[in-house]
Every structure is written in structure tokens, then in C-alpha cells.
Amino acid sequence: MMARSHSVQFRRPYIGIAAAFSLLVNLGAAQNATKTPSIVHQYAPVAYVESLAVRPNGHILPITTTSSILDELDPETGTLTPVYDFSAVGNAIQGIVALPGDAILVNALICNISQLTCTEGSVHTWRVDFQGHERVEAREIAKWPEAGFLNGMTALNARTVLIADSFLGGIWSVDAHSGDSRLLFTDDSMAPSETIGTGVNGIRVVKGSEGLTLYFTNSALGTLNKMSVNSCTGTKAGNATVIASGLSGPDDFALDFGEGSGFAYLANGAVDQVLKIDLSSAESSVLASLPGPTSLRWSEADEYGQRKGKQSVLYASTIGGLAQYIAHNVTLGGAVYALQV
Ligand SMILES: *[C@@H]1O[C@H](CO)[C@@H](O)[C@H](O)[C@H]1NC(C)=O
Ligand SMILES: *[C@@H]1O[C@H](CO)[C@@H](O)[C@H](O)[C@H]1NC(C)=O
Ligand SMILES: *[C@@H]1O[C@H](CO)[C@@H](O)[C@H](O)[C@H]1NC(C)=O
């Protein structure tokens, strides 16, 4: 999501996807949804569920830009249990990544949901280690005074996490223990547009025979893309290519290489769709229609977050629909859904 720009009025990044997508809202509501999603947890309004991670025990960690509290969601019972309150450093959580083992990094920050903006430079990155059932250890590892808007996160390995900067149009790396960070690169394929402030948004990495590939959405350009990156550092190792274009506020996504050349399950946020996109042909179909999807994660995943096993379920986070935020009349809270794929 977003940050406030003090320099260029129309490049102000917005939470998740941009208000400039308002014209698209409701025009593209999915008609051909093929799956019936089940609700794991429905939040009361106002709850903007930005993303989620899944622990090795199967419990879900949804995050919202409307609360500083990190909760744990038991998918069997649908109940939320508080894990940690980040109110000392922010009122929102934007960005979460599961690390090998039972640990996560989260970005706590300051947002204003009525404006759909977050304060630039306000992110504090925390590491949370789960130690058994009842105990967690949480500590701050990094601050980001020079970042634009930190958005999607993905683990390169147990030590290094990549973070998309939607405003700068590039990728940062952060050491998951020491918090040492650096801007790896910026690229035109990741940049915001003149009118929409959120460029690169969701990111995932995949190990293949030719090294590591970074997949990413660009919300402003409406694209899903890929690029070769160095497998140790995450630095750029080739030019980006567009896999799919013409998307409407594409946000985060999950990958499945179980069959064929692989698929992306993508939150096409501005038009309330979860799309299934063939990574080689770019053929896409609407998997489900959900109110304002933001992110997708597998219930069982490998170290890079890709689907592990046929029984793996797809969890989706939602905001309740972008239109209601733009209209300043939020009547439906966000939710976490489960989709059989
Ligand atoms: C958020 O922005 C609105 C509209 O500008 C303002 O009225 C409100 O006080 C802000 N809230 C916070 C918590 O800053
Ligand atoms: C990447 O693009 C640049 C500029 O268009 C070009 O000069 C360069 O050869 C390209 N690199 C590769 C590996 O294709
Ligand atoms: C707010 O949204 C609800 C649900 O969509 C609608 O019924 C109601 O008329 C809206 N209220 C206003 C003041 O627009």
C-alpha cells in the first residue's frame, strides 16, 4: 500500500491499490466465478486486511492497515487470538513474510484509512519468532526513513528478505536478523505511473534451472511481470518481461508450479476478482469473485511460498471492496477466505 508524497501531488501512493482505480470499480465484477469461497473469518467494519502469512502449524496471520495488532487465526475455528500489539510504533501493519522455521517479519507503520494513505518513512520492521504455543519473541530490526512505500515482501532465503517499494519502483533487501537494508535496484517496469502512485506491489521468487526468477505485479501499469535476479543477493540479473497486462489494480499473488508451466493466482483488486493466470500463455480466468481481494497464500507452501501438495488450500485476504472506501461509506469489513483450487 501507500505513503504520502510531499513532492508530486498526483503520485501520492495509496494503500494497496489506488483511488485512481475508482472508475474501474464495479465495471468488471466477475460474472464467471467458478469456485465458491468459504469465509474463514469475517471482520467487522472497518478492517482493511492487507495480506497474510501461514505458520507451519497451519494457523493464519492476517494483517490489517486498520489495526496495530497482529492476530493469529485458527482456520478450524475461525477465531482470532492476539499475538503482538505494535501500537508503540504505528497504527497499521502493511507487509508480512513467513521465514523458514516459525518466524515472520512484519512492517508496522502509520496509515490513515479514510485517506487511503500511509505516512512515508514511518515503517518499522519487526521480527517475530514463535516459540511453541504460547510464547512469542518480537523485536524491532529496521527503520526506513529513506523508503517510499514498502509493500509486498518475499524471502530470498532464511537470512534475506526482499521488499517492494511501490513509490520508488524498486526492490530493497533486508537482513532478517540484523536488519541491515539496502536499495538493490529500481526499474521502469516497477515504477508508478503519472496518475497512480502504487507501482510494484506483490513479489514472489522462484528457483529454476536458470537461477532465481522474481515475479511481481505493477498496480499502476496493470501488469504481472518476471525478472531474473541474483540468487544470493536479489540484485537485478536481467530485464523484466511482461507476462500479463490489462489487469485492474493487481495486488499480491500466489504461485503454483504443480502442473504445466505454472499458474499465478492473483488479486485483481480494483474489480473484485481472483484470477488464475497461466504463466506461459497469459491465458486468464476468474477463479472467484471476492470483495476487494488483496493477497493470496497457500495453506501449505515450500520455502519460497509456492504451493506444496494437492491438498493445499488458497487463502485470500480482502478489504470489503475498494468502492466503499472511496465513497467514505464502509459497511463491509475485510475477511479471510479459503478457496479450494
Ligand atoms: C485522517 O484523515 C482525515 C481526513 O483528512 C482526518 O480528518 C483525520 O483526522 C485523519 N486521521 C488521523 C488518525 O490522522
Ligand atoms: C536490457 O535492456 C537494455 C536496455 O533496453 C539493453 O541494452 C540490454 O541489452 C538488455 N539486457 C538483456 C540481458 O537483454
Ligand atoms: C452506504 O453503503 C450502504 C451499503 O452499500 C448503502 O446501503 C447506503 O445507502 C450507503 N449510504 C450512503 C450514505 O451512501
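Start at 1 and go down the list; that is how both ligands and their atoms are numbered. These numbers come from a predicted model, not from an experiment.
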**Study point:** Test item: protein heavy atom less than 4.0 Å from atom 14 (O) of ligand 2
**Key:** yes

Practice item. Classify the ring geometry between Y84 and W126 as parallel (under 30°), tilted (30 to 60°) or perpendicular (over 60°). Key: tilted

Review point. Among T331, N329, V330, whose heavy atom sits nearest atom 1 (C) of ligand 3?
Key: N329

**Study point:** Protein contact of atom 10 (C) of ligand 2 - nearest heavy atom, named by residue and atom, plus distance
**Key:** N239 ND2, 2.4 Å

**Study point:** Heavy atom of protein inside 4.0 Å of atom 7 (O) of ligand 1, strictly below
**Key:** no

Check your understanding: Which of the atoms in ligand 1, numbered in the order shown and given with their element, are less than 4.0 Å from a heavy-atom of N112?
Key -> 1 (C), 2 (O), 3 (C), 8 (C), 10 (C), 11 (N), 12 (C), 14 (O)

Practice item. Check step by step if side-chain hydrogen bond (donor to acceptor under 3.5 Å, both in side chains) holds for S219 and T198. Key: CA-CA 6 Å; S219 298; T198 302; 5.8 Å; no

Point to revise | Side-chain donor-acceptor pair present, S317, T294, cut-off under 3.5 Å | key: yes

Study note, to complete from the structure: Exactly one candidate in L109, N107, V89 meets side-chain contact (heavy atoms from CB on, under 4.5 Å) with S122; the answer is L109

Practice item. Give a yes or no on whether atom 4 (C) of ligand 2 lies under 4.0 Å from any heavy atom of the protein. Key: no

Point to revise | Side-chain H-bond candidate by donor/acceptor type, N91 with S68, under 3.5 Å | key: no

